[in-house]
Amino acid sequence: MQSPGALEISRRDLLAASAATVTVASAHSLGHAQTKATTAPQSTKVTFTVNGEGRELQLDNRTTLLDALREHLHLTGTKKGCDHGQCGACTVLIDGRRVNACLTLAVMHEGDSITTLEGLGQPENLHPMQAAFVKHDGFQCGYCTPGQICSSVAMLEEIKANIPSHVTVDLTAPAEITPAEIRERMSGNICRCGAYSNIVEAITEVAGRKA
Amino acid sequence: MRAFSYERVSSIEAAARAAATTDGAKFIAGGTNLLDLMKLEIETPTHLVDVNGLGLDSIEATPEGGLRIGALVRNTDLAADERVRRDYALLSRALLAGASGQLRNRATTAGNLLQRTRCPYFYDTNQPCNKRQPGSGCSALAGFSRQLAVVGVSDACIASHPSDMAVAMRALDAVVETVRADGTKRSIPIADLHRLPGDTPHVEHVLERGELITAVVLPKPAGGEQIYRKVRDRASYAFALVSVGAVVHPDGTGRVAVGGIAPKPWRDEAAEKELANGAKAVAAKLLAGARPTEQNAFKLTLVERALSAVLVEAKG
Amino acid sequence: MRFDTPAATNPIDQGKVIGKPIPRIDGPLKTTGKAIYAYEWHDPNTRYAYGYIVGSAIAKGRIRSMDVAAARTAPGVIAVVTSDGVGELKKGKYNTAKLFGGTEIQHYHQAIAVVVAETFEEARAAAALVKVDYAEEKGAFDLTAAKDSAIEPEGGGDSGAGDFDAAFEAAPVKLDQVYTTPDQSHAMMEPHASIAAWNGDDLTVWTSSQMIDWWRTDLATTLGIDKDKVHLMSPFIGGGFGVKLFLRADAVLAALAAREAKRPVKVALPRPFLMNNTTHRPATIQRIRIGAGRDGKITAIAHESWSGDLPGGGPEVAVQQTRLLYAGANRMTAMRLATLDLPEGNAMRAPGEAPGMMALEIAIDEMAERLGLDPVEFRIINDTQVDPENPERPFSHRNLVGCLRTGAERFGWQERSKQPGARREGNWLIGMGVAAAFRNNLVLNSGARVRLDREGVVTVETDMTDIGTGSYTIIAQTAAEMLGVPIEKVAVSLGDSRFPVSSGSGGQFGGNCSTAGVYAACAKLREAVAQKLGFNRTDDLVFADGEVRSGDRRMPLAQAAGDEGLVAEDLIEFGDLTKTHQQSTFGAHFVEVAVDVATGETRIRRMLAVCAAGRILNPITARSQVIGAMTMGVGGALTEELVVDKKRGFFVNHDLAAYEVPVHADIPHQEVVFLDETDPMSSPMKAKGIAELGICGVAAAVANAIYNATGIRVREYPITLDKLIEELPEIS
């Protein structure tokens, strides 16, 4: 929903080059252009609940939901793996749906209910999915794990709600829980340690218990 | 990311007005592409107009027998809609082939149409890129171009459009409905929404400043076998090297739109007339005038073979 | 404790805790978000500032000047530290490229400034305002173009035995092929991150490091301060695979920024910086020649490898395994190193063997076909129990044949079509491939401290790290076994420079060596306990069930602790056993692929690894290491390549969208079998490495399976569909 009017043209002389030497601006600044500063405030108050607890924050508009959780609320279970929606480590549940917390602004979540890994269970009182990940060794370094677990909990709900996937054979039939479905639906959560085979077993066990 | 002011709007008129009257304003809905680019200062809005409160999130039947899809309908919900699954399977399939479950939960119908290229030089602000910084040059032409476009390109830009959904929308003859800053409405056939790069690759579509997409309208169901075949390196969570969206009728006629090969979803009605003559004939027409690089010339063969597989599948 | 004679029977052999499938003891922390990683340390009474890196926009040249005026006056900015401002800093021992300081640019995205602000958002925005005037210089970025200028690396490295040229010339069956592997990225999930805090001259750094002592030493060197003044902590590490072996820019920038800002500063490298700012696995060009008799016996084998690195760097030792894996009287290997101005090449999971086996194990498959032999049989025919370059030197233990035979049977290898391209299921061409797995077993000295308290709780302290490998768990198992307590009675503290220096995590040496260090400390503690409890005889001492027993006498272990507790510290020091005996680990990978007949997309259908790697300390964590390595091997086979822009001199696809590592949908259920064995030459644990063995050969097994499926032999990794599509069968 962007309009071309906002695309700015910046100074091309930054790239004036000779054969042996070249002068360019540093990282980022090539894209810079002069824009009229707005006088509107650049921070906003936002109120939402996190793991059932009401929170009110006055935030720099630029603060992502991920950084609001990690740097302002110190809920560091949610991880920053790429900050660009390319890995899934920051997956949280917003009103029950899984999203990448890195690609949404905190101020866009007025009134929302957010669940992070910390809201699912504690070391002494594990959520069934957390327990299954421990049992099946569905992690190694543990950094993608919060995203994997949040994602898998929401993913099973998506199947229950009859949301199809890329590998669903018949779009008009109810979605099923199969290893192929789990793998496709979990593909937005990268695990570089390569625990995928074990993660699928953990999820399958929880799904079976639920069914 | 540059500092910006932020407002939530609750009416379409207010949204269009806010965007038109504030310097450097942009709409934000799902934000999955815009925020990605803002972090890298490829996009540098000074004001964000949050349109998530506008509603525009329902899918309704039209009197013509089609569907009007609200601009803010999330990709997941559109793909899961019973009517879409039954009557526009191509659209459902294309949506499900894109991104990840998390991203589809946020990404909107309108935002998906307007997402920007994934050309790696566009994403690296140290590198010349005519789309990001007009006049700076195209690094991809003599650089890494394996993913990029082979048709519809210019000397200024060979970026490809990354959307899967848009390919299906193109094959299904969707129409984009908008409201302009002055409150007037218009309908834009999807074929006319995106512009080819020419000498101005930074101008990607025909929308005016402050013009807001409110809905995408599908005509009555096209019927036939509807297939979306996405070819990629990884099995999931990857952009298409080539994708083929097809509607094939029992008599062998149909429609074909192709993704991953052009700056916009690529369709050529003249090529579709060749469907009876097989994939080779269709591909020859579709790819007429192609200007591949050494690195992406394989896409010419790949389009033909993927289309061939789709036609075999359509026959059942 | 010196280890210079083969291990005799010891308490580890009891196998009450060691070898048992015990779930990770850190599992409940990691699955609930309670494991604290580097960037997450938070003291509510501290006002942290945020540092954001500025990286070079050019690949090679000099900084003429930097204009930081706009950045310095931007909202929230506390300090700007620039490379030209701090001047030359001493480079650490383990780095090739300098991490920061001075005006020389050695590679793209090299750190040139850090901007410190009150918030992350402010620091990031201000970093974009730094303007740099560069004098750009021409660089060398293309390995193929630089190949002919490559020279023998410092320290040589050529090896040989017999007369390769003559034997190859005379061989009735021959192969002479070139294979290429691309630059690859570790792409671990946790980006490099550090928090630095100064207290006077004392520096504390929370970071993400595989090797605490190497980092501590090099950080002190870089900052020009006394090593004793540096305290490093890294209890949880979000993956490393080699890229966190050596000090990185985040720690240096955080320390300099915190000094300048006079506040603790947090610095994380943004993901798009990682590929060019840090290190990568270097690309290789490899030529392999094999000659054999018609009986299938190799008579001549040669492996040459070319790679590139920055000046002062080293080669990718891709020929390493070829010196040891197969028999053959006449042999040679050689490596040549070209100067490239790309980012620093360095260790990534199984450096040397990983890319070396990618090439060698295709060559072996090709040779088997030329000989009309089954590739499993061809490998078995050429097994050796001695170092082929030095036949008086035996392997400490080698069961490659067992791996191949067990794997072939389990996998249903006999179902494989001998004719390539012959098996089709619908739109899929199906094929099976095999490769041997081989990785040397390295040993590094490793220390630990063990504490017993009056509750009978045993606390182990070592600067060993757990990068996902399971160190916490196997160290707890070791202490529990040695001291006869349940694992619940063992607490493990890792990754802190106040603890004894360990082997650290790398080169698949960490599991064996760090537990051997704990073994040594526990052995010392056992002696202290015995003395304290008044046991005169030590030859029949048994530590079991929380008791110490000798003859008829039994005493509670906890009693030895007294009120002050009992502490023992020791170091395992490795002697000459790795010289007298070749220590390596072995395996076999079996893969079944399906290749789409229309598009050439390859999907993995089945995978099996059989490993022979000494005692398996914990089959759960060991299996995870292997499946993880298999997964990374699939990436190496099919998608992973850092693409070089040969004009601008950088890796173009520098994020996780453009550099494609495997996702869930790429990986099927994976099978792992461990052969039951111990290796008394390796350590008192009789264990060896496993984490890198798992990747060695995987990619070649995939390549061989693709060949079996399609009849198309691709020798340039990764095997993407564009390399297959022109040769796939006609479809209609």
| said: Does any backbone or side-chain atom of C/Ala35 lie under 4.5 Å from a heavy atom of chain A? Answer side chain, backbone, both or neither. | reply: backbone
| message | Tell me if a side-chain donor or acceptor on A/Tyr196 pairs with a main-chain N or O of C/Pro662 at a distance below 3.5 Å. | response | yes
| Quick one: what part of A/Asp137 sits under 4.5 Å from any heavy atom of chain C, side chain, backbone, both or neither? | both
| request: Using non-hydrogen atoms and a 4.5 Å limit, figure out which bit of C/Tyr48 sits close to chain A: side chain, backbone, both or neither. | output: neither
| Given the options A/Glu201, A/Lys135, A/Met129, which has more heavy-atom pairs under 4.5 Å with chain C than any of the others? | A/Glu201
| message | Any non-hydrogen side-chain atom of A/Arg55 less than 4.5 Å from a side-chain atom of A/His72? | response | no
| Okay, side chain of C/Glu671, backbone of C/Leu608: is any donor-acceptor separation there less than 3.5 Å? | no
| Given the options C/Gly635, C/Gly470, C/Ala268, C/Ala187, which has more heavy-atom pairs under 4.5 Å with chain A than any of the others? | C/Ala187
| query | Taking C/Arg349, C/Met630, C/Met607, C/Gln625 one by one, which has the highest count of heavy-atom pairs under 4.5 Å against chain A? | reply | C/Gln625
| Can any side-chain N or O of A/Gln130 pair as donor or acceptor with the backbone N or O of A/His127 at less than 3.5 Å? | yes
| query | With chain C, which of A/Glu184, A/His136, A/His84, A/Glu71 has the greatest number of heavy-atom pairs at distances under 4.5 Å? | reply | A/Glu71
| Given a strict heavy-atom distance threshold of 4.5 Å, which part of A/Arg70 is in contact with chain C: side chain, backbone, both, or neither? | side chain
| field | Whether A/Thr64 side chain and A/Thr104 backbone form a donor-acceptor pair below 3.5 Å | value | no
| note | Under 4.5 Å to a heavy atom of chain A? For C/Ile627 that would be both
| Given the options C/Thr631, C/Thr32, C/Leu656, which has more heavy-atom pairs under 4.5 Å with chain A than any of the others? | C/Thr32
| Hey, which of A/Ile182, A/Leu75, A/Asp67, A/Thr116 has the most heavy atom pairs under 4.5 Å with chain C? | A/Asp67
| field | Under 4.5 Å from a heavy atom of chain A, the part of C/His669 involved | value | both
| remark: The interface call for A/Glu124 against chain C, heavy-atom contacts under 4.5 Å, is neither
| said: Donor-acceptor pair, distance only, cut-off 3.5 Å: does the side chain of A/Glu205 make one with the backbone of A/Ala202? | reply: no
| note | Bottom line for C/Phe236: the part with an atom under 4.5 Å from chain A's heavy atoms is neither
| request: Let me know if C/Ile620 has heavy atoms under 4.5 Å from chain A in its side chain, its backbone, both or neither. | output: both
| Portion of A/Leu120 that has a non-hydrogen atom of chain C nearer than 4.5 angstrom | neither
| note | Looking only at C/Thr469, C/Asp655, C/Asp67, C/Thr621, the option with the highest number of non-hydrogen pairs under 4.5 Å against chain A is C/Asp655
| message | Taking A/Thr49's backbone N and O only, do any of them form a donor-acceptor pair with A/Ser113's side chain (distance below 3.5 Å, no angle check)? | response | no
| task | Heavy atoms only, distances under 4.5 angstrom: which of A/Ala180, A/Gly81, A/Ala89, A/Gly77 has the most pairs with chain C? Name it, please. | result | A/Gly81
| field | Side-chain (C/Gln210) to main-chain (C/Gly242) donor-acceptor, under 3.5 angstrom | value | yes
| query | Which atoms of C/Thr31 come close to chain A, meaning under 4.5 Å heavy atom to heavy atom: side chain ones, backbone ones, both, or neither? | reply | both
| said: Heavy-atom pairs under 4.5 Å with chain A: which of C/Pro23, C/Ala657, C/Gly61 has the most? | reply: C/Ala657
| remark: The interface call for C/Pro668 against chain A, heavy-atom contacts under 4.5 Å, is backbone
| C/Arg271 side-chain N/O to C/Met189 backbone N/O, donor-acceptor pair under 3.5 Å | yes
| query | Do you know which of C/Glu640, C/Glu660, C/Glu190 makes salt bridge (charged side-chain N to carboxylate O under 4.0 Å, His left out) with A/Arg192? | reply | C/Glu640
| With only heavy atoms counted, which part of A/Thr145 is less than 4.5 Å from chain C, the side chain, the backbone, both or neither? | side chain
| query | About how many Å separate CG of C/Leu274 and NE2 of C/His186, when rounded to the nearest 0.5 Å? | reply | 11.0 Å
| message | So that I know where these two stand, are C/Phe273 and C/Tyr108 an aromatic pair - ring centroids less than 6.0 Å apart? | response | no
| said: Please classify the contact between C/Arg62 and chain A as side chain, backbone, both or neither, with a heavy-atom cut-off of under 4.5 Å. | reply: neither
| Can you tell me if A/Ser165 uses its side chain to pair, donor with acceptor, with the backbone of A/Val167 under 3.5 Å? | yes
| request: Check whether any side-chain N or O of A/Thr91 sits under 3.5 Å from a backbone N or O of A/Ser151 as a donor-acceptor pair, and report yes or no. | output: no
